[in-house]
Amino acid sequence: MKIISVVGARPNFIKIAPFIKAIKSYNKDGKASIEHILVHTGQHYDDRMSKSFFEALKIPSADINLGIGSGTHAEQVGYTMIAFEKVLMKEQPDWVVVVGDVNATLACSVTAKKLNVRVCHIEAGLRSGDMQMPEEINRLVTDRLADLLLVPDRLSAKNLLGEGCTNEQVVMVGNIMIDTFDANLEKALAISKSDIINRNVHSETSSKVVLEDHNYAVVTLHRPSNVDDKETLKGILNFLANGVAEKMPIIWPVHPRTEKQLKNFNLWDVLLAIPNIQLVYPLGYHDLLQLNMNAKVMLTDSGGLQEECTVLGTKCITMRWNTERPITLKEHGGVSVLVGNDLQLLEKEFQIFLKEDVKAIRPEMWDGKTALRCVDAILKYKS
Ligand code: UD1
């Protein structure tokens, strides 16, 4: 069997690492004979957004890099489709495996189905219900086309069955990010926080905070809904300065999109002037995991961090109005609350979090063995 798996952007690398390991272990044990080709679309290309993850998670170098780079959505999707079609015509795989919800996921699923190649989607069935979110469009199209839908939890399975997918197509496998989490926890534990700052301090700032366990906040922001609007971004900076930094130090790994927008809106100097905020470059997997496991609170608009906070028991304020990962919310037993960009709500939830304790939870099958179940489901698939 020949499988092409696809990655494009940072969260994909974390999901594909255990899948590749699982294929190797199936081949080694003689349980399968899978020829695997890894395609990187090149959507993320900076060393800190891509190469560092390949190295840290020991992902073999991509066999093929399509070199797509940045651009509008149509440009990224269109260029990926044109380049990926050539790969498929040459390689003639039995399966294309896509993960997550980035533009590579959408582009490669459509291209594969147009050539009648089977598609397997890992992390299928997530729905935010928010069609303003580019990832929601990617999820809907990918899941509508995929032959095999591997879901992380029962809520996602229910979404797909409600949309007309069959029981044969939908297989609950658990959360593949948690395979990576479990495999790397020990290494992350050994890292010192001052070392993280020293290695990653943003060149336009100096190193200025000391992070004591359970007494600092981590901020990550990159969603267009938060960073592409000047007033929203200004409000968030205000809250961080007056609501958070006065109480505890903040460490903020700044995403390239966010840095670009802060500079466009003349807010970069405003941010640099706030005391008690440490700006660092986008962090490697282990560094961010170390910061997450000892933080007092996480303020984020990331999807994956909501899940990692859930298994760590780190309080998570999700700066979005909706989530495709409801299992991480307090009302489902998780650790996260949604505050959108309502600063009053943000302040209120932050105050509640300062006083209350949350518990780590492990949803069903978030057990570090998801990747093996993914390979198993592909091998057992009957059309
Ligand atoms: C993409 C994903 C998002 C994911 C995020 C993780 C889509 C639609 N979005 O968003 O789901 O949560 O990745 O980071 O696929 N840039 C660099 N260097 C890089 C990559 C990007 O400087 O290596 C800058 C460029 O200015 C680029 C901007 O960041 O225009 C945005 O990058 P892009 O890949 O378009 O989307 P993300 O916001 O990273």
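Here, residue 1 is the first one in the sequence, and each next residue gets the next number. Whatever order the structure lists ligands and atoms in, that order sets their numbers, starting from 1. No hydrogens, no waters, no symmetry mates; every other heavy atom, side chains included, goes into these values.
The pair R127-D143 meets the salt-bridge criterion, since a charged nitrogen lies less than 4.0 angstrom from a carboxylate oxygen. Ion pairing between a basic and an acidic side chain is recognised when a charged N comes within 4.0 Å of a carboxylate O; D367 and R373 show such pairing.
Within the structure, every pair that satisfies the salt bridge (charged side-chain N to carboxylate O under 4.0 Å, His left out) test and touches residues 96-110, not counting sequence neighbours, is listed here: D101-R139. For residues 73-99, the pairs satisfying salt bridge (charged side-chain N to carboxylate O under 4.0 Å, His left out) are K2-E91, with sequence neighbours left out.
If you look at ligand 1, the protein residues with a non-hydrogen atom under 4.0 Å away are A9, R10, P11, Q43, H44, Y45, D46, M49, S70, H73, Q76, V102, N103, E135, H222, R223, H255, P256, R257, K260.
Shown here is R154, whose CZ atom has no more than 12 heavy atoms of other residues, nucleotides or ligands within 6.0 Å.
Among residues two or more places apart in sequence or in another chain, the side chain to side chain contact (heavy atoms under 4.5 Å, CB included) test is passed with L145 by V110, K113, V141.
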